[in-house]
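Just the heavy atoms: all of them, side chains too, but no hydrogens, waters or symmetry mates, feed the values below.
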Amino acid sequence: MKKLMSLSVLVIAIITLGCISCSDNSDNITKGNINEGNDPNFKIVANTDVGLEKYNRKVIVFGIDIYAASAVEDNKLLYAANIMAQYLDNNEDGVVDNQLVVDQMIKNKAFLFMWKTEADMLSSEPSGRMGQDLGNDETHPLFVSDGKTGTFDAGLEEVLHLITHVGYANAYPTIFGEEEGTSLSNAMDIARAGKFTSIPSSYPVKAWYTYDDKTCTYDCQATEYMYWAMTSILGAQENRLSEINDEWKLNTKAKVQATDTAIYALLTNSIYKFPTVLPDGTYKR
């Protein structure tokens, strides 16, 4: 009986291997229950990092961890990795554009965590780490390739938040620090037509940055301001004015250059090596 069972297993294995060899996903490799995926630059690996055990796998990009809960789609995890890589290595030569920024991200153990349901969210960050979340269902990999139309891809926003909040703010604290008195926050005060340490009941008419989430503190406002300005310069917002006008009015590079001269000068200064091309999720491809 044992011999018959072994023979059956062998037959099944041969059939299964034959089917796999015919599959379009034949280049995918599975390690345990973790599929490494077929991305040419990044592999999904099992995760056992302390404090982040609820995420079963991750991808590492230039030393930065991107974690995913079990229900997060593999293609979206790999897409987030490609977005991270394109922001950090915008000319895609395999070398990060601003090593100071990446060094600060690594020093502060920056991480992105992708979730599917509220149960996947962290109640607090692990000690000594700085994180940013990205939802599976708000990640839309085809947004850029489809002409920057349709549902906006939050990956373009949340990945950039992590880079600016942990990387740039720490690499250049007097310039991109998110507290009062930095070059960034001074530019934001101009954009809001006043210094508001808390969200006002209404902004002055001449303000072009009017973010109104009352849970967003002054430093949070600075993070959002950088996102709006940077992605507008890169072209991500060019078809979205009607959607974003209540928060941000300068949805194109030309508008930022003409109106918000302070932030435009900072984000296009070659010293800081900000991206000049909008990521599309196809790093080195």
Side-chain angles (χ1 to χ4, degrees), residues 64 66 80 83-84 87 101 104-105 107-115 118 120-135 138-139 152-204 207-234 236-237 240 243-251 256 260 262-264 266-267 272 274-275:
I64 313 302
I66 302 178
I83 293 295
M84 177 77 76
Y87 270 135
V101 169
Q104 285 298 322
M105 295 180 74
K107 177 183 177 180
N108 289 282
K109 299 181 180 179
F111 67 99
L112 188 78
F113 62 98
M114 298 188 68
W115 54 276
E118 288 188 15
D120 299 328
M121 298 295 287
L122 289 172
S123 57
S124 62
E125 296 173 344
S127 178
R129 303 204 67 170
M130 299 180 72
Q132 174 66 47
D133 75 284
L134 172 62
E138 63 182 5
T139 303
F152 185 70
D153 171 41
L156 294 172
E157 176 178 1
E158 307 305 346
V159 173
L160 184 60
H161 281 336
L162 185 68
I163 293 169
T164 61
H165 176 62
V166 184
Y168 277 92
N170 287 299
Y172 307 98
T174 64
I175 307 299
F176 298 111
E178 297 168 339
E179 67 276 6
E180 296 179 54
T182 67
S183 299
L184 171 65
S185 59
N186 288 341
M188 180 177 70
D189 292 340
I190 296 171
R192 298 201 294 177
K195 179 178 287 185
F196 303 103
T197 54
S198 59
I199 302 298
S201 56
S202 63
Y203 284 95
W208 56 84
Y209 175 47
T210 53
Y211 197 68
D212 61 0
D213 181 352
K214 294 188 181 301
T215 67
C216 195
T217 55
Y218 189 84
D219 59 331
C220 166
Q221 290 282 320
T223 301
E224 296 291 339
Y225 173 58
M226 244 184 129
Y227 151 72
W228 282 122
M230 187 76 258
T231 55
S232 294
I233 290 171
L234 295 178
Q237 311 296 345
R240 303 186 68 226
E243 298 176 53
I244 67 176
N245 192 52
D246 58 335
E247 295 183 8
W248 178 252
K249 296 176 173 59
L250 311 182
N251 68 308
V256 178
D260 199 331
I263 196 63
Y264 185 84
L266 287 174
L267 298 184
Y272 305 119
F274 281 100

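Between M121 and F113 the shortest side-chain heavy-atom distance falls below 4.5 Å. No side-chain heavy atom of T182 sits under 4.5 Å from any side-chain heavy atom of P173. When side chains are defined from C-beta on, Y209 counts as touching Q221, because their heavy atoms get closer than 4.5 Å. When side chains are defined from C-beta on, D213 does not count as touching I199, because their heavy atoms never get closer than 4.5 Å. Side-chain contact between M114 and T139 is present, with heavy atoms from C-beta onward closer than 4.5 Å. No side-chain heavy atom of L184 sits less than 4.5 Å from a side-chain heavy atom of Y172. Inter-residue side-chain proximity for L156 and I83 is flagged as met; some heavy-atom pair is nearer than 4.5 Å. Here the side chains of E157 and T231 are not in contact, with every heavy-atom distance at 4.5 Å or above.
Judged by the 6.0 Å distance and 45° axis criteria, R240 is positioned over the aromatic ring of F152.
To the nearest 0.5 Å, atom CG of residue D246 and atom OH of residue Y211 are 10.5 Å apart. A distance of 10.5 Å separates CD of E224 from CG of D219, quoted to the nearest 0.5 Å. For the atom pair CZ (R192) and OG (S185), the distance works out to 9.5 Å, reported to the nearest 0.5 Å. With rounding to the nearest 0.5 angstrom, the CD atom of Q132 is 4.5 Å from the CD atom of E158. Remark: M230 CE to H161 NE2 distance equals 13.5 Å, nearest 0.5 Å.
The main-chain N or O of V256 is never found under 3.5 Å from a side-chain atom of D260 such that the two would form a donor-acceptor pair. Under the 3.5 Å distance criterion, the side-chain polar atoms of E138 are matched with a main-chain donor or acceptor of G135.
In summary, the side chains of Y218 and D189 do present a donor paired with an acceptor at a separation below 3.5 Å, with no hydrogens or angles considered. Side-chain contact, T210 with E247: no donor N or O sits under 3.5 Å from an acceptor N or O.
Closest approach of L162 and A110 over heavy atoms only: CD1-CB, 4.1 Å. Between A80 and L134, the shortest heavy-atom contact is CB-CD2, 4.1 Å. Closest approach of F111 to E125, counting heavy atoms only: CZ-CG, 4.4 Å. When every heavy atom of S232 is checked against every heavy atom of L250, the shortest pair comes out as OG-O, 3.1 Å. Residue M226 comes nearest to L267 through the heavy atom pair CE-CD2, 3.9 Å, listed as atom of the first residue, atom of the second, then distance. What you find for M84 and V159 is that their closest heavy atoms are CA-CG1, 3.7 Å.
Under the side chain to side chain donor-acceptor pair (under 3.5 Å) criterion, D153 pairs with Y79, sequence neighbours left out.
In the displayed structure, K109 atom NZ is contacted under 6.0 Å by at most 12 heavy atoms of other residues, nucleotides or ligands.
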**Request:** Show the numbers, then the answer: is there a side-chain contact (heavy atoms from CB on, under 4.5 Å) between V101 and I163?
**Result:** CA-CA 8 Å; V101 169; I163 293 169; 4.2 Å; yes
**Request:** With side-chain contact (heavy atoms from CB on, under 4.5 Å) as the test, would you mind laying out the steps for N108 and N170 before giving the verdict?
**Result:** CA-CA 9 Å; N108 289 282; N170 287 299; 3.7 Å; yes
**Request:** Apply side-chain contact (heavy atoms from CB on, under 4.5 Å) to the pair S183 and T174, showing each step before the final yes or no.
**Result:** CA-CA 7 Å; S183 299; T174 64; over 6 Å; no
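Between F274 and F176, the ring center distance clears the sub-6.0 Å criterion.
With Q237 as the partner, the side chain to side chain donor-acceptor pair (under 3.5 Å) test is satisfied by one option alone out of Y227, W228, W248: Y227.
Pairs engaging residues 165-184 under the salt bridge (charged side-chain N to carboxylate O under 4.0 Å, His left out) rule: E180-K195 [sequence neighbours left out].
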